Amino acid sequence: MTPKSGLFLAGSCITAIAAVGSMFELASGQPDFGTQTTAIILAISIPLTGLFFVAAVRDARANIK
């Protein structure tokens, strides 16, 4: 694993946490940042989680010796 793939994996973890947190906030009925802002965070974080994870796996596979 390279530092680059580690950063991608960390980004994937952070965006996954943001997505789960946003879902809980929306389910509670009173999101701290407002419904629209929380929904935007959720809509952005879900695809970013996948993209960061795929990028981490591709980078790690490319650097296998």
Side-chain angles (χ1 to χ4, degrees):
M1 187 161 116
T2 65
K4 183 178 171 185
S5 61
L7 286 174
F8 282 137
L9 196 56
S12 177
C13 291
I14 291 168
T15 55
I17 291 168
V20 171
S22 295
M23 283 188 259
F24 277 113
E25 285 285 318
L26 289 170
S28 75
Q30 289 290 350
D32 290 339
F33 297 128
T35 304
Q36 184 178 10
T37 305
T38 305
I40 290 170
I41 292 169
L42 178 62
I44 291 172
S45 63
I46 289 174
L48 278 179
T49 300
L51 289 174
F52 281 142
F53 184 76
V54 169
V57 170
R58 284 185 181 169
D59 185 64
R61 283 185 180 171
N63 292 306
I64 292 176
K65 292 181 181 181

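Keep in mind the model is a prediction, meaning the values are calculated, not measured.
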May I ask whether Phe33 and Val20 are part of the same hydrophobic cluster, defined by side-chain heavy atoms of I, L, V, M, F, W, Y residues being less than 4.5 angstrom apart, directly or through others? no
Tell me whether Ser28 contacts the main-chain N or O of Glu25 through its side chain, where contact means a donor paired with an acceptor under 3.5 Å. yes
Rounded to the nearest 0.5 Å, how far apart are OG1 of Thr37 and CG of Asp32? 11.0 Å
Side-chain donor-acceptor pairs of residues 52-61 under 3.5 Å, sequence neighbours excluded:
from: Asp59; atom 1: OD1; to: Asn63; atom 2: ND2; distance (Å): 3.3
from: Asp59; atom 1: OD2; to: Thr2; atom 2: OG1; distance (Å): 2.6
from: Asp59; atom 1: OD2; to: Ser5; atom 2: N; distance (Å): 3.1

To the nearest 0.5 Å, atom OG of Ser45 lies from atom CD1 of Ile17 at 11.0 Å
About how many Å separate CD1 of Ile41 and CD1 of Ile46, when rounded to the nearest 0.5 Å? 12.0 Å
If I compare all heavy atoms of Thr38 with all of Leu26, which pair ends up nearest, and what's the gap? CG2-CG, 3.7 Å
Under 3.5 Å, side chain of Ser12 to main-chain N/O of Phe8, donor-acceptor pair present? no
Shortest non-hydrogen contact between Leu42 and Ala19, atoms and distance: CD1-O, 3.5 Å
